[in-house]
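Reviewing the structure listed below.
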Amino acid sequence: MHAHPVLHLTWRSVVAVVGSSVLIAGIIMCVTPGPGIGGILMGLVILSTEFSWARGLLRRARVWARRGRDKAIEADQKRRAKRALRKKAHRS
């Protein structure tokens, strides 16, 4: 498909329309009920198959997600440690 210029342009156009639609739906779902972040990520995944700018945004989103996950795990561990200390102090 990439060898034929017309098919390549058509394919890129289809990817752009579908990816942009999913991305916009994800953005809308951030303010309305629905999986907004999931829609944004799916739109970027679709767009990143053909566009390098989307690959860069997706890389940054992955780093952001990893940092968020790490912070959530750290906060959960702190909360559990505090709870354990309170239980221990309550027993004494």
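Since we're looking at a predicted model, the values are computed, not measured.
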Study note, to complete from the structure: Shortest non-hydrogen pair, H8 vs E50, comes out as CE1-OE1, 3.9 Å

Review point. For I28, what are the other residues in its hydrophobic cluster, where any two members join if their side-chain heavy atoms are less than 4.5 angstrom apart?
Key: I24

Point to revise | Separation of M42 CE from I37 CD1 (nearest 0.5 Å) | key: 14.0 Å

Check your understanding: For K78, what residues pass the salt bridge (charged side-chain N to carboxylate O under 4.0 Å, His left out) criterion, not counting sequence neighbours?
Key -> E74

Practice item. With sequence neighbours left out, write down each residue that passes salt bridge (charged side-chain N to carboxylate O under 4.0 Å, His left out) with D70, or none if nothing qualifies. Key: none

Review point. Nearest 0.5 Å, what's the CZ-CG distance between R60 and L57?
Key: 5.0 Å

Exercise for review: Mind checking side-chain contact (heavy atoms from CB on, under 4.5 Å) for L47 and listing every partner two or more places apart, or none if nothing turns up?
Suggested key: S20, L23, F51, W53, A54

Practice item. Grab the two heavy atoms, one from V15 and one from I46, that are nearest each other, plus how far apart they are. Key: CG1-O, 3.4 Å

**Study point:** R80 atom CZ: more than 12 heavy-atom contacts under 6.0 Å
**Key:** no

Review point. Quick one: salt bridge (charged side-chain N to carboxylate O under 4.0 Å, His left out) partners of R83, sequence neighbours excluded?
Key: none

Practice item. Might you point out which heavy atoms bring P35 and M29 nearest each other, and give the distance in Å? Key: CD-SD, 3.6 Å

Check your understanding: Can you tell me how far the OG1 atom of T49 sits from the CG atom of L58, to the nearest 0.5 Å?
Key -> 10.5 Å

Check your understanding: What pairs with R67 under side-chain contact (heavy atoms from CB on, under 4.5 Å), at least two apart in sequence or on another chain?
Key -> V63

Review point. Which pair of non-hydrogen atoms, one from L41 and one from A61, has the smallest distance, and what is that distance?
Key: CD2-CB, 3.8 Å

Point to revise | hydrophobic_cluster_shared for V17 and I40, side chain cutoff 4.5 Å | key: no

